[in-house]
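Okay, structure first, notes after.
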2 protein chains.
Amino acid sequence: MPRGKCCNRGNRPCSCEMGNLYRFTEPIVLACLARLGISHGYQIAQAAESLAVTHAGLDVPAVYRVLRRLENNGYVQSTWDTSRSGPARREYVVTSAGLEHLDEWTVVLGDYLASLNGVLAECRQVLQGRLCPEETENR
Amino acid sequence: MPRGKCCNRGNRPCSCEMGNLYRFTEPIVLACLARLGISHGYQIAQAAESLAVTHAGLDVPAVYRVLRRLENNGYVQSTWDTSRSGPARREYVVTSAGLEHLDEWTVVLGDYLASLNGVLAECRQVLQGRLCPEETENR
DNA sequence: TTATATATGTGTAACTTACACATATGGGGG
DNA sequence: CCCCCATATGTGTAAGTTACACATATATAA
């Protein structure tokens with residue numbers, strides 16, 4: 001997905017136009033933060049566990065890096081919270097630009113899912129014609 | 001997804017156990033070849049266009065590399081076809097091990113899709129609660 | 001004192017991706 | 001004969017991603 005125009009979808013958001021995207025960490029973090037309202041990296045990483053893909057948990061360092069990048073792009077804002085006991089927290093909130101960015105992500109994810117769904121359907125269809133007959137023969 | 005055990009799903013196939021996978025080129029190529037019966041790289045690349053993900057066509061060089069790797073793993077077999085006019089073709093067929101591999105891929109893809117679907121649903125739900133009220137206000 | 005949970009990061013080897021480029025066969029047009 | 005194009009098979013690689021190792025600091029409990 002990196003580097004450049006792999007396709008031209010006009011002016012609609014596309015997975016190849018979303019810039020440096022650490023795969024799906026970005027939308028997951030954005031969604032979690034939007035859901036939580038105000039939160040910090042450690043808490044987001046924990047909340048995101050349930051949304052992480054491929055059975056692997058979210059990479060915690062990746063969460064911090066994504067938060068930094070989101071802030072550089074104006075999608076979130078942060079302030080230090082030193083009022084509580086324990087180590088200081090960097091608390092984040094989503095900006096309206098961040099919500100728009102998340103909205104673009106839903107388009108990208110929707111298209112991506114539709115394509116992958118097609119691939120999976122084709123794989124299953126092929127297997128049904130080629131694997132099942134032999135299976136029913138041998139068993 | 002590379003390098004090692006990011007999770008433990010017991011003995012079920014998992015996206016982090018599928019070895020060096022050039023993302024989804026492998027299942028796409030395998031499925032196309034299984035569908036076509038006997039085919040060569042160039043033809044597979046063309047047939048796979050309709051199944052490729054993220055609106056980008058399949059990378060043709062990647063198809064050849066994947067076919068080589070599939071053959072090294074015993075998932076396909078090849079012979080040269082010099083009988084026709086034009087450049088020689090390397091013709092491939094899927095082995096029974098290849099069909100089993102494709103079957104494992106459907107499990108991986110199914111899980112992957114389910115997880116991503118959850119992410120997308122969460123994104124949409126969050127946006128519905130946070131984006132729509134403002135939108136209906138302003139418009 | 002040591003261990004653990006919380007909290008925020010840096011560094012990087014291994015791997016993936018998109019694309020540039022190389023090579024060769026044969027057919028058609030000039 | 002030469003050039004261009006479609007077919008056909010590859011190699012090389014810069015830029016980007018991923019998983020994990022490691023560093024640091026605060027507070028609480030054993």
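Order of the sequence lines sets the chain letters (A, B, ...), proteins ahead of strands, with each chain counted from 1. Just so it is clear, the model here is predicted, and its values are computed rather than measured.
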Exercise. Side-chain contact test, heavy atoms from C-beta onward, threshold under 4.5 Å: evaluate it for B/H40 versus B/D81 and give yes or no.
Key: no
Practice problem: State whether A/R90 places a side-chain N or O below 4.0 Å from either non-bridging phosphate oxygen (OP1 or OP2) of C/dG9. | Solution: yes
Self-check item: d(CD, B/E26; P, C/dT17) in whole Å
Solution: 11 Å
Practice problem: Output, in order, the C-alpha distance, side-chain angles, deciding distance and verdict of side-chain contact (heavy atoms from CB on, under 4.5 Å) for A/V107 and A/D111. | Solution: CA-CA 6 Å; A/V107 177; A/D111 290 348; 4.2 Å; yes
Quiz item: In whole angstrom, what separates A/R89's CZ from C/dT6's P?
Solution: 10 Å
Practice problem: Spell out, as yes or no, whether a donor-acceptor pair under 3.5 Å connects the side chain of A/E122 to the backbone of B/A31. | Solution: no
Quiz item: Given the rule in the side-chain contact (heavy atoms from CB on, under 4.5 Å) test, do A/F24 and A/L109 qualify, once you have shown the distances and angles that lead to the verdict?
Solution: CA-CA 9 Å; A/F24 305 117; A/L109 283 173; 3.6 Å; yes
Exercise. Check the pair B/L127, A/L102 against side-chain contact (heavy atoms from CB on, under 4.5 Å), reporting the backbone distance first and the verdict last.
Key: CA-CA 8 Å; B/L127 285 172; A/L102 185 57; 4.0 Å; yes
Self-check item: Distance-only donor-acceptor test, B/R65 side-chain atoms vs D/dG12 base atoms, 3.5 Å
Solution: yes
Quiz item: Should B/Y64 be listed as having a side-chain N or O under 4.0 Å from OP1 or OP2 of D/dT9?
Solution: yes
Quiz item: Is there side-chain contact between B/V76 and B/L30, with heavy atoms separated by less than 4.5 Å?
Solution: yes
Quiz prompt | Side-chain N or O of A/R68 closer than 4.0 Å to phosphate OP1/OP2 of C/dG9 | solution = yes
Quick one: side chains of residues 86-95 of chain A, donor-acceptor pairs under 3.5 Å with protein atoms, not counting sequence neighbours, listed by atom name and distance.
unit_1: A/T95; atom_1: OG1; unit_2: A/G74; atom_2: O; d: 2.7
unit_1: A/T95; atom_1: OG1; unit_2: A/Y75; atom_2: O; d: 3.2
unit_1: A/T95; atom_1: OG1; unit_2: A/A97; atom_2: N; d: 3.4
unit_1: A/T95; atom_1: OG1; unit_2: A/G98; atom_2: N; d: 3.0

Quiz prompt | A/Y42 vs C/dT6: side-chain N/O to OP1/OP2 distance below 4.0 Å | solution = yes
Exercise. Any chance you could encode DNA chain C as dot-bracket? Rule is Watson-Crick or G-U wobble with both distances under 3.5 Å; [ ] for pairs crossing earlier ones, | for another strand.
Key: ||||||||||||||||||||||||||||||
Practice problem: From the options A/I44, A/L58, A/L33, select the one residue that forms a side chain to side chain contact (heavy atoms under 4.5 Å, CB included) with A/I28. | Solution: A/L58
Self-check item: From CG (A/N73) to CZ (A/R68), nearest 0.5 Å
Solution: 13.5 Å
Self-check item: Side chain of A/P61 (C-beta onward), nearest among D/dG10, C/dT8, C/dT10
Solution: C/dT10
Show me the protein contacts with nucleotides 27-30 of chain D, counting only N or O atoms at under 3.5 Å.
none

